[in-house]
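Some notes on the structure that comes next.
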Amino acid sequence: LFAVRKTNFAEFPALDADLDLVDADDQITHELSLDDQLDPEPSLDIFHPDPDFVEHEESWKSLKKELLGEEEGGDEGDDEEEEEEEE
């Protein structure tokens, strides 16, 4: 254990190189100070049901297929899960 500590955990990197997908210049960070005035937006803490949920869900599915390049037959498992959730 002390030998690993002496090498500053070189064998155990904090971030795997394969997972570092976004360049440091492209990363967006949010820094807040204790002195800053914040708007907590309490209206966002209230759930508002979407009356057009089914229509919006279908439009999101089509957008997802377009962006991710999914095929028509690849969504069969998701439909079964959604049917179970609706019941």
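Hydrogens, waters and symmetry mates play no part in the numbers below; they use all other heavy atoms, side chains included. Since this is a predicted model, take the numbers as computed values, not measurements.
Under the side-chain contact (heavy atoms from CB on, under 4.5 Å) rule, Glu41 has a single partner from Asp39, Leu38, Asp45, which is Asp39.
Counting non-hydrogen atoms of other residues, nucleotides and ligands closer than 6.0 Å to CD of Glu11 gives a total of 12 or fewer.
The closest donor-acceptor contact from the side chain of Asp26 to the backbone of Asp23 lies at 3.5 Å or more, if one exists at all. Judged by distance alone, the side chain of Asp50 and the main-chain N or O of Asp52 form a donor-acceptor pair under 3.5 Å.
To the nearest 0.5 Å, atom NZ of residue Lys61 and atom NE2 of residue His56 are 14.5 Å apart. The line from NZ of Lys65 to CH2 of Trp60 is 15.0 Å long, rounded to the nearest 0.5 Å.
Looking at every heavy atom in both residues, Val22 comes nearest to Gln27 through O-NE2, 3.4 Å. Nearest heavy atom pair, residue Ile46 against residue His48, reads O-CD2, 3.3 Å.
Put simply, the side chain of Thr7 does not reach to within 4.5 Å of the side chain of Arg5, judged on heavy atoms.
Tracing side-chain contacts under 4.5 Å through hydrophobic residues (I, L, V, M, F, W, Y), one never reaches Leu68 starting from Leu63; they form parts of separate clusters.
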